[in-house]
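Below you'll find the structure, written out as structure tokens, and then a few comments.
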Amino acid sequence: MTRITLGITAFWVVLLAFVTVFIYRWQEFQRGNQQLVSILQTEARPTGVSADGYPDLPSPVQRYLTRVLPQDLAARGLAASKVVQLEQTGTFWLNNRWQPFTASQVNSLSPLGFVWQARVQAGPGLKAYVVDYYVHAEGGLEARLAGVLTLVNSRGTPMINSSELMRVLAEAPWCPIVFTSEQFSWQPEDAHSATVTVRDGDNEVSLTYHFNEAYEIEAISGLRYRETPEGAVLTPWRGRFWNYAERAGVRLPLDGEVAWLLPEGEQTYWRGHIEQIRYSQ
């Protein structure tokens with residue numbers, strides 16, 4: 001009888017310890033994520049955009065901004081916008097199959113930055129919680145199974161910093177006000193494309209935007225770091241955008257996807273849809 005009692009007691013002690021660790025790890029993860037969001041929201045400032053024809057930008061970028069931004073930026077409150085908040089749904093290529101995800105994101109227009117928090121189906125009954133970010137010129141990616149077991153935790157390396165800053169540029173069509181940022185240095189390519197280079201701290205990346213006949217951004221292309229068994233390798237990378245519609249006074253693409261361009265062919269790994277978006281002062 002004593003052995004049974006001791007066994008039951010040990011079971012409850014172990015269970016309590018497990019639950020305590022689970023709660024602590026989950027709360028630690030959430031606090032860290034919220035701290036990143038708070039930094040963006042506290043330090044964000046307007047870009048100073050105005051609808052004056054954007055004379056200092058390449059002609060396809062001028063036409064694009066005239067197309068997607070309203071003339072009455074100030075009246076709509078967009079000129080004073082500091083952050084962009086959005087909700088996404090989509091699928092992510094994981095474990096050799098498309099897994100659904102939902103995500104919320106906050107973007108700072110100036111200084112450049114974002115925090116992306118996602119819940120990805122990692123298997124039957126399993127969810128991975130992911131935070132992807134670029135804050136204070138530092139990038140990071142952390143993924144935890146059930147919010148507790150660490151799967152990936154990378155931050156502050158030249159590779160991750162570059163990759164996350166590249167993501168800032170890639171997602172600029174969702175917050176086109178940022179195209180007027182002083183950190184953007186433009187190089188025209190032809191009548192329907194232009195390349196931007198951004199320097200932020202020790203990080204520098206470039207991305208080319210491709211515009212269709214309506215002067216909407218339909219594709220992006222550049223070199224981005226990809227993890228391989230041999231280490232991080234700069235790899236051709238491409239994104240596509242479509243389904244433009246007006247949201248919060250701005251014309252933007254509601255759908256997009258990104259892919260690696262590998263010798264064996266294109267490898268699409270992310271597809272997303274904008275459910276909600278808000279420009280906030």
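Excluded from the calculations below are hydrogen atoms, water molecules and symmetry mates; all remaining heavy atoms, backbone and side chain alike, are included. In this chain, residues are counted from 1 in sequence order.
- The distance between the ring centers of F179 and Y54 does not fall below 6.0 angstrom.
- Just one residue in the list F211, Y244, F241 forms a ring-ring contact (aromatic ring centres under 6.0 Å, His included) with Y64, and that residue is F211.
- With rounding to the nearest 0.5 angstrom, the CD atom of E164 is 8.5 Å from the OH atom of Y133.
- Qualifying side-chain contact (heavy atoms from CB on, under 4.5 Å) partners for R240, counting only residues two or more places apart in sequence or in other chains: W242, E257.
- Between the side chains of T195 and E189, at least one donor-acceptor pair of N or O atoms lies under 3.5 Å.
- A single hydrophobic cluster is not seen to contain both M159 and W260; linkage of ILVMFWY side chains at heavy-atom distances under 4.5 Å, directly or through other members, places them apart.
- Under the 30°/60° scheme for interplanar angles, the aromatic rings of W93 and W98 are found to stand perpendicular.
- Remark: the S193 side chain and the D190 side chain contain an N/O donor-acceptor pair separated by less than 3.5 Å.
- Within the 6.0 Å centre-distance limit, the rings of W116 and F101 are counted as a close aromatic pair.
- Counting heavy atoms of neighbouring residues, nucleotides and ligands inside a 6.0 Å radius, atom CD of E266 exceeds 12 of them.
- Judged by distance alone, the side chains of E171 and N107 never bring a donor and an acceptor atom under 3.5 Å apart.
- Relative orientation of the F92 and Y269 rings is perpendicular, given thresholds of 30° and 60° on the angle between their planes.
- A 6.0 Å sphere centred on CG of N153 holds more than 12 heavy atoms belonging to other residues, nucleotides or ligands.
- L112 is listed as a side-chain neighbour of Q183, based on a closest heavy-atom distance under 4.5 Å.
- In plain terms, the two heavy atoms of L78 and G249 that are nearest each other are CD1-O, 4.2 Å.
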